[in-house]
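Letters A, B, ... are given to chains in the order of the sequence lines, protein chains preceding strands, and every chain is numbered from 1.
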There are 2 protein chains.
Amino acid sequence: MAEPIRHDKTARQLRLLSDALDSGRLGPVRRMVNTLSPAEIGNLLESLPPGKRSVVWGLVDAEDDGEVLVHVGEEVRESLIADMDQDELVAAASDLDIDDLADLVEDLPDTVIDEVLKSMDRENRERLEQVLSYAEDSAGRLMNPDIVTVRADTTIDVVLRYLRLRGELPDHTDHLYVVSKRHQYLGRIALQALLTHEAGTPINQLLDDEQPAIDVNETSAEVARQFSDHDWISAPVVDDSNILLGRITIDDVVDIIREQAEHQVMSAAGLDEDEDLFSPVRRAFRRRMLWLTINLATAFLASSVVNQFQDTIAHLVALAVLMPIVAGMGGNAGTQVLALMVRGLALGQIGGTNIGVLVWKEVRIAIINGIGIGLLLALIVLAWFHDAKLSLVIALALTVNFTSAALAGVFVPVTVKRFGFDPALAGGVILTTVTDVMGFLSFLGLATLILVR
Amino acid sequence: MAEPIRHDKTARQLRLLSDALDSGRLGPVRRMVNTLSPAEIGNLLESLPPGKRSVVWGLVDAEDDGEVLVHVGEEVRESLIADMDQDELVAAASDLDIDDLADLVEDLPDTVIDEVLKSMDRENRERLEQVLSYAEDSAGRLMNPDIVTVRADTTIDVVLRYLRLRGELPDHTDHLYVVSKRHQYLGRIALQALLTHEAGTPINQLLDDEQPAIDVNETSAEVARQFSDHDWISAPVVDDSNILLGRITIDDVVDIIREQAEHQVMSAAGLDEDEDLFSPVRRAFRRRMLWLTINLATAFLASSVVNQFQDTIAHLVALAVLMPIVAGMGGNAGTQVLALMVRGLALGQIGGTNIGVLVWKEVRIAIINGIGIGLLLALIVLAWFHDAKLSLVIALALTVNFTSAALAGVFVPVTVKRFGFDPALAGGVILTTVTDVMGFLSFLGLATLILVR
């Protein structure tokens with residue numbers, strides 16, 4: 001089982017840093033911060049309340065500013081950018097690779113973007129514009145146009161001479177790409193192959209044309225899937241005419257996978273993964289208010305069901321005591337099915353071909369659980385209220401609600417997804433509405449039939 | 001915003017495959033399956049109900065069997081292993097790298113393990129035993145002992161000659177490691193550096209000793225953090241005496257990050273990330289029963305609060321109609337705080353130094369939301385029940401419950417974690433118990449004080 005608690009090391013660093021900040025000696029703080037990687041600095045800044053965050057941000061080495069901005073969530077990024085003047089922003093942005101700059105550019109003030117574009121040479125400016133021309137969650141946005149290409153009709157020693165002349169390769173280069181005269185992608189050569197074969201070996205003997213190139217318009221989610229299903233370190237990106245445009249590297253894919261995971265966890269609570277832990281109260285309030293209002297509407301739906309049974313409840317107040325149990329337990333059972341389904345949908349594992357089998361499996365589990373938990377519940381209620389009929393009613397109602405929960409757990413996320421919404425976000429609200437309504441309806445309805453009349 | 005829907009391509013494949021299976025022509029199915037990578041085959045098998053799963057598993061190329069077993073969740077793995085005879089299992093296991101084999105070995109029958117060990121040479125057997133001697137979630141288990149080392153007192157051309165003689169390098173080799181005579185880790189040489197420097201360059205000029213080696217007992221969660229914070233592709237693993245034992249590569253780290261993410265999503269619903277979408281009803285039932293029983297106990301806690309107010313409810317049945325709203329809305333508000341906290345704790349962003357600021361922020365949001373949503377709620381209740389005092393009671397109770405939810409949202413996960421439990425697993429149950437109890441108590445209590453007496 002994976003350990004979900006990510007790192008106590010960061011928590012320790014945070015404590016040390018906080019102590020140093022509190023003591024007012026900024027020298028040690030600066031030294032401590034600048035031993036960290038940009039991602040670690042970003043994580044640290046995210047964990048600091050606004051005041052301390054500004055102080056520490058001012059102590060970060062200017063050369064790391066750009067990378068740190070790339071690594072923090074959008075809300076925190078805005079707060080950091082607000083702390084910088086134009087010259088600092090231009091300098092920070094100018095240090096970045098094209099793909100990182102493309103990621104940042106939308107959050108920068110227009111005047112800064114103009115300055116950055118002016119400071120770039122024509123080739124890089126064109127590259128940036130090209131990257132920005134692709135959709136936000138596409139391979140085009142993820143790719144780095146900085147690639148090393150070689151021709152197929154040469155030999156290893158010629159390539160080695162070229163590389164020595166060229167000097168350093170782009171980060172995470174594990175392959176050189178082989179292109180045609182028209183820059184069409186033909187295949188790739190592993191650096192490993194260059195090192196383990198004799199100098200005279202022709203390049204086309206080493207050519208690996210098995211890995212398919214990624215289409216520039218592919219979604220970033222699909223890119224992430226391909227990388228993790230094939231254990232790729234990097235992959236070439238091509239356009240419709242198979243022209244090589246750039247490459248995507250695993251480090252950016254890891255960021256996407258992390259974001260997807262955060263998105264799933266946060267959206268189940270109606271939050272955005274870019275939410276700042278310390279976002280200003282006014283801003284946080286507005287966003288949560290929306291979510292709570294949606295939930296309020298669904299709560300009234302459930303209440304209106306209870307309202308229909310006022311006479312029944314007046315006749316036997318114990319029903320008011322027990323009704324939250326039936327509704328709540330249905331919610332718990334449904335949430336389990338929902339979690340399985342949301343994961344399955346995210347992995348593309350669920351479709352028209354297996355949904356029938358899934359429903360049947362879940363309904364059987366619901367009925368068995370209904371009988372098991374229902375029996376337990378009936379015994380407790382019998383001991384508490386000494387009313388055998390009430391015991392029967394609650395056990396029956398629970399089984400009905402578990403079954404509704406199973407059906408809703410399977411069909412709600414599938415339907416939500418079919419309508420183009422996010423099952424993780426909308427699924428939970430709709431599901432608990434179903435289980436609340438069905439819980440109250442079955443329990444109070446059965447009570448009216450069996451107990452009151 | 002990250003796209004949470006992972007891939008419709010897999011869903012499409014699944015449909016095609018299901019059609020082919022239904023038609024009974026297994027030739028096309030076999031061809032289709034064997035164009036996929038082991039991870040893709042694993043994903044496909046996970047999405048098939050037991051019967052079809054067995055059929056497709058029988059069609060997978062024997063050489064992929066081992067890798068597929070490594071890539072599926074534990075429950076599915078057991079079902080696949082049950083379909084294989086001893087010879088197939090031995091063959092599958094023997095094809096694997098040491099780190100993958102270590103991952104699989106616990107799920108294999110003892111007789112198979114004996115056969116596999118017998119078929120290995122002494123060096124590999126010792127390596128496997130070494131890897132297995134480390135804790136399950138440690139760097140030692142993740143590492144692959146298959147590494148290429150060079151000595152510092154040599155030059156590039158000597159290394160190149162050695163590599164050409166050696167032939168192929170282990171997968172994902174991006175660095176060679178430099179060790180002392182006693183095999184202590186000194187630093188690493190990028191393959192890039194070997195390619196871009198002149199043949200006569202001494203190795204020690206290229207030595208990069210900046211990346212710290214990973215301690216073999218480090219947790220896999222911490223390893224994952226370091227990889228993603230530093231954009232590593234691979235990292236060396238050493239023991240207490242700095243002896244180089246192996247290396248960890250990014251592809252295994254990506255698997256860990258995915259598992260952590262699944263764990264968070266699934267454990268919030270009391271499920272295990274290894275749960276099979278199609279696990280046998282009896283097995284699924286037993287596991288879910290446990291979770292539902294825990295939830296039943298907490299539901300009774302909330303009911304016992306309502307029970308104290310039977311007289312009040314008998315006096316005004318509208319209270320029974322409205323009480324689920326106050327409890328449920330508190331749950332929704334608290335879940336939002338909990339999601340923020342679980343993420344923050346997982347990222348190590350929360351500690352004694354900032355928890356006060358967080359509580360104060362969340363309490364302020366709760367009070368503002370209490371007033372906002374409370375006012376809305378009061379107006380609706382006034383229009384519905386024409387009772388100004390009832391409106392006042394529900395608005396006050398909601399604000400009290402939002403505040404309890406904020407406090408519970410912050411302190412429950414922190415406390416749960418401090419006691420060594422998983423905040424994602426236990427946090428939600430405890431939180432909703434608090435908000436249910438406080439919701440019923442504040443609403444019915446205030447109603448008793450203001451409306452009844």
Answer with side chain, backbone, both or neither: which region of S279(B) has an atom nearer than 4.5 Å to a non-hydrogen atom of chain A? both

Closest approach of N369(B) and M289(A), non-hydrogen atoms and distance? OD1-SD, 3.4 Å

Looking at D251(B), L169(B), T335(B), which one has more heavy-atom pairs under 4.5 Å with chain A than the rest? L169(B)

Chain B shares the most heavy-atom pairs under 4.5 Å, among D19(A), L319(A), L271(A), with L271(A)

For V281(B), which atoms come within 4.5 Å of any heavy atom of chain A: side chain, backbone, both, or neither? both

Winner by heavy-atom pair count (cut-off under 4.5 Å) against chain B, out of S303(A), G328(A), P324(A): S303(A)

Residue L17(B) versus chain A: region with a heavy atom under 4.5 Å: neither

Under a 4.5 Å heavy-atom cut-off, does chain A meet the side chain of Q308(B), its backbone, both or neither? neither

Short side-chain to backbone donor-acceptor contact, S47(A) and I350(B), under 3.5 Å: no

Can you measure from CG (L36(A)) to CG (D229(B)) and round to the nearest 0.5 angstrom? 9.0 Å

Do you know which of E46(B), H230(B), Q336(B) has the most heavy-atom pairs with chain A at a distance under 4.5 angstrom? Q336(B)

All heavy atoms of A224(A) vs all of R258(B), minimum pair found to be O-NH2, 3.9 Å

Does any heavy atom of chain A fall under 4.5 Å from the side chain of N295(B), the backbone, both, or neither of them? both

Of the listed A39(B), P38(B), G42(B), the one with the largest count of heavy-atom pairs under 4.5 Å with chain A is A39(B)

Side chains of V337(B) and R288(A), heavy atoms from C-beta outward: is any pair under 4.5 Å? yes

Of the listed residues (S37(B), A261(B), A339(B)), which shares the most heavy-atom pairs with chain A below a 4.5 Å separation? S37(B)

How many angstroms lie between atom CG of D22(A) and atom OG1 of T353(B), to the nearest 0.5 angstrom? 8.0 Å

Can you tell which part of N332(A) gets under 4.5 Å to a heavy atom of chain B, answering side chain, backbone, both or neither? both

Are the side chain of Q192(B) and the backbone of P170(A) linked by a donor-acceptor contact shorter than 3.5 Å? yes

The complete set of salt bridge (Lys or Arg N to Asp or Glu O under 4.0 Å) pairs with one or both residues in residues 339-350 of chain A, sequence neighbours excluded, reads R343(A)-E262(B)

Tell me, out of V321(B), T298(B), T432(B), I380(B), who's got the most heavy-atom pairs with chain A below 4.5 Å. V321(B)

Which portion of H172(B) sits near chain A, non-hydrogen atoms under 4.5 angstrom: both

With chain B, which of M266(A), E168(A), R166(A), H71(A) has the greatest number of heavy-atom pairs at distances under 4.5 Å? M266(A)

If I measure from the heavy atoms of chain A, does F309(B) come under 4.5 Å with its side chain, its backbone, both, or neither? neither

A302(B) portion near chain A, given a 4.5 angstrom heavy-atom threshold: neither

Can a donor-acceptor pair be found, under 3.5 Å and without considering hydrogens, that links the side chain of R164(B) to the backbone of H197(A)? yes

How close do L195(A) and L160(B) get, heavy atom to heavy atom, and via which atoms? CD2-CD2, 3.1 Å

For each of L48(A), V254(A), L296(A), D255(A), tally heavy-atom pairs with chain B at distances under 4.5 Å, and name the one with the top tally. L296(A)

Answer with side chain, backbone, both or neither: which region of F440(A) has an atom nearer than 4.5 Å to a non-hydrogen atom of chain B? side chain

Best-contacting candidate, I325(A), V357(A), V306(A), against chain B by heavy atom pairs under 4.5 angstrom: I325(A)

Using every non-hydrogen atom in the two residues, find where L340(A) and L277(B) come nearest and quote the distance to one decimal. O-CD1, 3.9 Å

Report which part of L338(B) has an atom under 4.5 Å of a heavy atom belonging to chain A: side chain, backbone, both, or neither. neither

Which residue out of D311(B), I373(B), V253(B) racks up the most heavy-atom pairs below 4.5 Å with chain A? I373(B)

Taking all heavy atoms of L292(B) and all of M329(A), pick out the closest pair and write down the distance. O-CE, 3.1 Å

Between L347(A) and N43(B) the two heavy atoms that sit nearest each other are O-ND2, 3.1 Å

Got a second to check how far L191(B)'s CG is from L191(A)'s CG, nearest 0.5 Å? 6.0 Å

Heavy-atom pairs under 4.5 Å with chain B, option from V159(A), L376(A), T173(A) with the top count: T173(A)

Side chain, backbone, both or neither: which part of P50(B) has a non-hydrogen atom closer than 4.5 Å to chain A? neither

Quick one: what part of I250(B) sits under 4.5 Å from any heavy atom of chain A, side chain, backbone, both or neither? side chain

